[in-house]
Amino acid sequence: QKEVEQDPGPLSVPEGAIVSLNCTYSNSAFQYFMWYRQYSRKGPELLMYTYSSGNKEDGRFTAQVDKSSKYISLFIRDSQPSDSATYLCAMKEHGGSQGNLIFGKGTKLSVKP
Amino acid sequence: DAMVIQNPRYQVTQFGKPVTLSCSQTLNHNVMYWYQQKSSQAPKLLFHYYDKDFNNEADTPDNFQSRRPNTSFCFLDIRSPGLGDAAMYLCATSRDGTGQGYGYTFGSGTRLTVV
């Protein structure tokens with residue numbers, strides 16, 4: 001079993017839809033959880049950052065972490081065509097010396113106008 | 001704007017011909033990372049520097065080397081590129097090893113083609 005599992009999609013939704021993206025993981029030592037957005041032929045950019053369990057909201061984006069289930073989610077409300085990208089979850093152990101951020105494979109999202 | 005800049009954006013090299021990719025940062029971050037990302041796959045950490053301390057991942061091939069002459073610059077050297085090394089190479093930085101608060105900042109990547 002890979003450390004981080006993420007459904008690669010692709011996921012296609014109409015503009016305005018609510019999008020739910022998910023990752024599961026096996027390492028209970030993960031404490032830092034992130035979502036990155038990667039446009040085609042670009043580097044990933046940090047979208048959301050959460051420490052330990054709980055929810056975090058930023059505009060149309062909400063990140064949830066359920067450590068008991070080893071499950072994290074990213075919700076996008078009122079999705080826009082500009083949200084079309086690959087979304088990568090990433091996570092890291094608490095106090096890990098330097099690196100390693102473990103990524104999921106990414107989910108490719110397409111929002112149709 | 002403070003950022004991570006990778007050059008070149010696209011690099012074509014011949015099989016077996018050494019190639020160097022570069023990364024510079026204006027964030028003054030302590031840690032710099034090199035990731036390899038193949039199509040539809042997760043970025044894979046090759047190595048990282050915490051200041052001048054070099055940390056190699058156990059499964060990084062010997063064919064890959066890195067140099068960090070100063071805080072701002074880091075280079076990825078591929079001594080004898082094979083067809084399997086064709087990928088996007090991502091440079092990233094973080095303030096410290098935890099990436100706490102702000103995660104990692106990535107450059108736009110260098111797409112390497114081996115012919």
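Letters go in sequence order (proteins before strands), and every chain restarts at 1.
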Subject >> Region of Q38(A) that comes under 4.5 Å of a non-hydrogen atom in chain B >> reply: side chain
Subject >> Residues from residues 82-93 of chain B approaching chain A under 4.5 Å (heavy atoms) >> reply: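 Residues in range: M88(B), L90(B).
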Original post:
Counting only N and O atoms by type, is there a donor-acceptor contact under 3.5 Å from the side chain of Y104(B) to the main-chain atoms of P44(A)?
Top reply: no
Original post:
Is a side-chain N or O of R41(A) found less than 3.5 angstrom from the main chain of R9(B), in a donor-acceptor match?
Top reply: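 Here the side-chain-to-backbone pair does not exist.
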Within 6.0 Å of [atom1] in [X], more than 12 heavy atoms from elsewhere:
{"X": "K67(A)", "atom1": "NZ", "answer": "yes"}
{"X": "K17(B)", "atom1": "NZ", "answer": "no"}
{"X": "K44(B)", "atom1": "NZ", "answer": "yes"}
{"X": "D62(B)", "atom1": "CG", "answer": "no"}

Indicate if [X] and [Y] have the same hydrophobic cluster label, given that clusters are the connected sets of ILVMFWY residues with side-chain heavy-atom separations under 4.5 angstrom.
{"X": "F47(B)", "Y": "F75(B)", "result": "no"}
{"X": "L74(A)", "Y": "V19(A)", "result": "yes"}
{"X": "L46(B)", "Y": "M32(B)", "result": "no"}
{"X": "F33(A)", "Y": "I76(A)", "result": "yes"}
{"X": "L21(B)", "Y": "Y35(B)", "result": "no"}

Original post:
Contact part of Y10(B) toward chain A, heavy-atom cut-off under 4.5 Å: side chain, backbone, both or neither?
Top reply: side chain
Subject >> Proximal component of Q6(B), with respect to chain A [non-hydrogen, under 4.5 Å] >> reply: neither
Subject >> Minimum heavy-atom distance between A42(B) and G104(A), given as atom pair plus value >> reply: CB-O, 3.1 Å
Original post:
What's the spacing between F106(B) CZ and L88(A) CG if we round to 0.5 Å?
Top reply: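 Between atom CZ of F106(B) and atom CG of L88(A) there are 8.5 Å.
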Original post:
Between CG of L101(A) and OH of Y33(B), what distance do you get to the nearest 0.5 Å?
Top reply: 8.0 Å
